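All remarks here apply to the structure that follows.
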Amino acid sequence: MKTAISRRDFLTTTALALPLSAGVTRGATVASNSAPVAASGANLGYFDKGRRLTISMWDFSWLLAHHPGGAYENLENRVAEAKVRGYNTLRVDCFPSRVLESESRFEKNWDPATDLPQWGQRAVSFSCNVRKEVARLAELCRKHGLWLGLDCWDKGHMFSGLTNNLSGDSKPIAEADEEREFTRYAETWVKALKRMREDGVLERAVWIAPMNEVPHFAGGRLTALVKLRILPNDDKETKLAKGRQVDAVYRRINRWMAEPIKAEVAREGIPLSYSSLGDADYGARLTDVYDVVDVHFMPGVITDAADQRAFEKAGKGAPGGRFAELKKYDLKAFSSAWNQACRSHYAAMLKRTRDYHQNALQRVTVASGKKLAAIVTESFGPCFWPDHPDVDWTWYKHYNADSLRVVAGLDFKGSSLSNYAEPIFSLWNDADWHWTSNSYYLTVTR
C-alpha cells in the first residue's frame, strides 16, 4: 500500500499524463472527495451528483459469490476496496423478483479447480434472504460513499410462469401478450422498489435499468422480432422499413417496462436507464420516460492473417468462445497471440473505440427532442476473457485504460473500465491500475 499511496499523492498534486489525441483538454485536478470541475468552472455533473460516475460492474456476482469462501464473502471489504480503487458507483443486479421471496436458493455451478473465473460463479449451493442482502449492500455503500446502479439480469425469474434460473431462458412471448408480460414485469419491479425504499436502498440509487441488455433478451424471445429478423433485406428502402418496424417493437416494450417504474420512483427522481446491446439508434427505441442510455462495447481484438495463424496454435475457434471453450485452449499460446495482435493493431483498436462512442452519442435523442444522458457500463475488451496464470493481462490493461481515456474526452456521464474490474477476477488485485484510470476519467474534461 505504500507504493499505491505515494502514487496517489503524486497524481493528486500534479497534472495527469498527456491525453491521447481524443479531443480532451487538461487543466483540471481532482481531490479524492470533491467533484471534478473544469477550468471554466463548469461542473461535469451527473444529474444531482455533481461528478461523473466511475462504475464497477458487480452484476449478479456480488450476491452469488457472497457465500463462505466466495470472492464476495467479506462484502464490506470489497466495497471498501472499490472506493480505494477510485470507483464511486457499483452496477448490480438487485434481483427484484427475489426481493419478494422470504428465501432464495442458488445451486453450485462452478468448480475453482477446473473452471475459469466467471460471472455468477457459485462454488457451493446456498440459500439467503435477498432483500436483506440488497439492503446490506446499500448500507455498506452508504458507509463508504458509493452509489448503486440498480439493474436486473434475472429475466427468467422475473417473467410470470417462467423457470427459476439466472440464464434468461424463457418461453417465447407472442405479440398479443407483450403488453401483459412487460407490464407484469414492471409491476414486479414496483413491488420490490417499495420494499427497497423501506430498506434505504433507493437513497443510494443513481439509476434504475428495468432489464440488462434488452435486445439480448427480446431479440430471440419476442415473436414480433423473430418474424422481422427472417424478412429479406432486398434493398436499402426495404432494410430501412424493416429497421423502423424493429425500433417500434422495442419502443413499445421499453415503454411498458418503464412507465410503472418511473411513476413509482417519481418522488426520488431516480433516472431510468436503457441497457443496450450494440450500436443501435437508441433514441428511436425509447420514449422520454427514459433518462439514460447505457452503451455497451465489447469487441474482440483486431487481427490479420498472421494473427489468425497464431491463434490457431491456441486451439480451434480462438480467440472466440465462452468460458467453457476458452479453458480448453493452450492459454500461453492464446495470451501471446492476443498481446501481439493488440500491439500490432493498437491505433486501429483505439480509433474503433472513439468512432463507436462518438456515433453512439449521435443517437441519444428521442422523438420529443429530449437528449438522454449516456454512460458506459460494459467495456472495453472482449466479452469473454480467460483469467488464468498462463494469460498475461498487460496489453488487455493498456487497451482498456486507454479506451477509457478516449471516452473521457466525450460526453459520457459515467464509464466503467472493464467487464473484469470486479473482485471475482485477478485484475482486481492491481489497485493502482484501477485508481489511476478512474482518476484520469474524473479529472480530464472534454
Side-chain angles (χ1 to χ4, degrees), residues 151-153 155-156 158-162 168-190 207-264 271-297 356-375 377-378:
D151 284 55
C152 179
W153 278 257
K155 303 154 193 173
M158 285 285 290
F159 278 99
S160 59
L162 304 183
D169 294 341
S170 74
K171 60 187 178 184
I173 298 176
E175 187 170 351
D177 297 331
E178 287 175 357
E179 182 173 8
R180 182 193 67 206
E181 291 298 325
F182 283 94
T183 300
R184 285 179 178 175
Y185 183 99
E187 289 169 349
T188 297
W189 258 107
V190 168
W207 75 70
I208 293 171
M211 177 187 289
N212 174 63
E213 292 186 340
V214 175
H216 187 270
F217 174 84
R221 293 174 178 83
L222 267 63
T223 58
L225 290 175
V226 173
K227 291 175 183 177
L228 287 171
R229 190 169 61 246
I230 63 176
L231 292 177
N233 294 328
D234 296 331
D235 51 44
K236 183 177 180 180
E237 185 175 340
T238 303
K239 185 176 181 179
L240 288 172
K242 180 178 173 180
R244 286 193 291 268
Q245 292 178 70
V246 169
D247 289 339
V249 174
Y250 279 107
R251 197 161 54 247
R252 67 188 183 229
I253 67 165
N254 285 324
R255 178 171 58 84
W256 288 324
M257 271 196 294
E259 284 183 338
I261 297 171
K262 186 80 166 183
E264 177 60 32
L272 257 62
S273 176
Y274 174 65
S275 178
S276 69
L277 181 65
D279 191 17
D281 188 349
Y282 314 111
R285 296 188 174 189
L286 301 172
T287 65
D288 56 11
V289 71
Y290 283 85
D291 307 286
V292 180
V293 170
D294 178 2
V295 177
H296 293 185
F297 177 72
Y356 183 96
H357 291 90
Q358 279 187 322
N359 190 48
L361 291 174
Q362 302 304 311
R363 302 183 174 196
V364 295
T365 302
V366 298
S368 69
K370 177 180 180 179
K371 183 178 180 181
L372 308 177
I375 59 175
T377 72
E378 296 199 30

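From a predicted model like this one, the values you see are computed outputs, not experimental measurements.
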From Leu225 CG over to Gln245 CD, what is the distance, rounded to the nearest 0.5 angstrom?
-> 10.5 Å
Does any N or O in the side chain of Asp288 come within less than 3.5 Å of the main-chain N or O of Lys370, such that one atom is a donor and the other an acceptor?
-> no
CZ of Arg184 to CZ of Arg180, rounded to nearest 0.5 Å, is 5.0 Å
Residues passing the side-chain hydrogen bond (donor to acceptor under 3.5 Å, both in side chains) test with Lys227, sequence neighbours excluded, are none
Check against salt bridge (charged side-chain N to carboxylate O under 4.0 Å, His left out), Asp247 and Arg285 | CA-CA 5 Å; Asp247 289 339; Arg285 296 188 174 189; 2.9 Å; yes
Say you draw a straight line from CG of Asp291 to OG of Ser273; how long is it, rounded to the nearest 0.5 Å?
-> 9.0 Å
Heavy-atom distance under 4.5 Å between the side chains of Tyr356 and Val295, does that happen here?
-> yes
Test item: side-chain donor near acceptor, His357 and Asn359, under 3.5 Å | no
In short, Ala218 meets Tyr250 closest at the heavy-atom pair CB-CE2, 3.8 Å
Between Cys152 and Met158, the two heavy atoms sitting closest are SG-CG, 3.5 Å
Minimum heavy-atom separation for Leu272 to Val289, with atom names?
-> CB-O, 4.0 Å
Among Leu286, Thr287, Val366, which one satisfies side chain to side chain contact (heavy atoms under 4.5 Å, CB included) with Arg251?
-> Thr287
Polar contact flag, side-chain donor to acceptor under 3.5 angstrom, Asp151-Trp207 | yes
Side-chain donor-acceptor pair present, Thr377, Asp294, cut-off under 3.5 Å = yes
Residues in side-chain contact (heavy atoms from CB on, under 4.5 Å) contact with Arg244, at least two apart in sequence or another chain | Leu240, Ala241
How are the rings of Phe217 and Phe159 set to each other: parallel, tilted or perpendicular (split at 30° and 60°)?
-> parallel
For Ala374 and Leu361, work out which heavy atoms get closest and say how close.
-> CB-CD2, 3.6 Å
Donor-acceptor under 3.5 Å (Lys155 side chain, Val214 main chain) = no
Ring centroid separation for Tyr290 and Tyr282, is it under 6.0 angstrom?
-> no
Report the distance from atom CD of Glu213 to atom CH2 of Trp153, rounding to the nearest 0.5 Å.
-> 8.5 Å
Answer yes or no: is there a donor N or O on one side and an acceptor on the other, between the side chain of Tyr185 and the main chain of Pro210, under 3.5 Å?
-> yes
Checking Lys371 side chain against Val364 main chain: does a donor-acceptor pair fall under 3.5 Å?
-> no
Check the pair Phe182, Met211 against side chain to side chain contact (heavy atoms under 4.5 Å, CB included), reporting the backbone distance first and the verdict last.
-> CA-CA 11 Å; Phe182 283 94; Met211 177 187 289; 4.2 Å; yes
Hey, does Leu222 have a side-chain heavy atom less than 4.5 Å from the side chain of Ile253?
-> yes
Backbone N/O of Ser276 and side chain of His296: donor-acceptor pair under 3.5 Å | yes
Side chain to side chain contact (heavy atoms under 4.5 Å, CB included) between Ile208 and Trp189, worked out | CA-CA 10 Å; Ile208 293 171; Trp189 258 107; 3.8 Å; yes
Show me the side-chain donor-acceptor pairs of residues 172-179 shorter than 3.5 Å, one per line, residues at least two apart or across chains.
unit_1	atom_1	unit_2	atom_2	d
Glu175	OE2	Arg252	NH2	3.3
Glu178	OE1	Arg252	NE	2.6
Glu178	OE1	Arg252	NH2	3.2
Glu178	OE2	Arg252	NH2	3.3

